[in-house]
Amino acid sequence: MKGFFQAFLKDTASYLSINVVVILLFVFYYFFVPDYWLLCSVLTLIIAAAVEISIISKKKKKD
């Protein structure tokens, strides 16, 4: 049970950290790059999706 809980927290932390970085970049773009915040936000979403796909593929190879 303890191993399951540790694995669950590790997985949740990796996804949570990606989401926190994306939200912080949205806020940064909105306030500091107001002319191109939408374009930069789309680029951030693409990068975040690529990172999540790589994390998922590493987990599947590991299992």
Side-chain angles (χ1 to χ4, degrees):
M1 183 70 176
K2 187 176 182 180
F4 169 75
F5 187 66
Q6 288 175 345
F8 176 74
L9 286 179
K10 184 179 176 184
D11 289 342
T12 303
S14 66
Y15 290 120
L16 185 62
S17 64
I18 293 170
N19 290 332
V20 167
V21 168
V22 168
I23 290 171
L24 290 175
L25 285 173
F26 277 140
V27 171
F28 174 77
Y29 293 146
Y30 186 75
F31 288 114
F32 295 105
V33 190
D35 294 337
Y36 298 106
W37 73 270
L38 182 62
L39 180 64
C40 293
S41 298
V42 170
L43 179 63
T44 302
L45 287 176
I46 292 170
I47 293 169
V51 170
E52 285 192 31
I53 288 170
S54 68
I55 289 173
I56 290 171
S57 67
K58 285 181 185 178
K59 286 182 184 178
K60 288 193 178 196
K61 287 181 182 177
K62 184 177 159 183
D63 293 338

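Residue numbers count from 1 along this sequence.
Rounding to the nearest 0.5 Å gives a distance of 15.0 Å between CH2 of Trp37 and CZ of Phe28. Residue Asn19 holds its CG atom at 6.0 Å from CD of Glu52, rounded to the nearest 0.5 Å. The CG atom of Leu43 sits 11.5 Å away from the CG atom of Leu38 when rounded to the nearest 0.5 Å.
Under the 4.5 angstrom side-chain criterion for Ile, Leu, Val, Met, Phe, Trp and Tyr, Ile53 has no cluster partners at all. Other cluster members for Val42: Ile46, joined by side-chain heavy-atom distances under 4.5 Å among Ile, Leu, Val, Met, Phe, Trp and Tyr.
A continuous path of Ile, Leu, Val, Met, Phe, Trp and Tyr side chains, each step under 4.5 Å between heavy atoms, connects Tyr30 with Val21, placing both in one hydrophobic cluster. The cluster map of Ile, Leu, Val, Met, Phe, Trp and Tyr, joined by side-chain heavy atoms under 4.5 Å apart, puts Tyr29 and Val27 in the same cluster.
The only member of Val51, Ile47, Thr44 that meets side chain to side chain contact (heavy atoms under 4.5 Å, CB included) when paired with Val22 is Thr44.
Legend: residues meeting side chain to side chain donor-acceptor pair (under 3.5 Å) with Ser41, ordered by chain and number and at least two apart, are absent.
Taking the side chain as every heavy atom from C-beta outward, Ile18 and Ile55 approach each other to under 4.5 Å.
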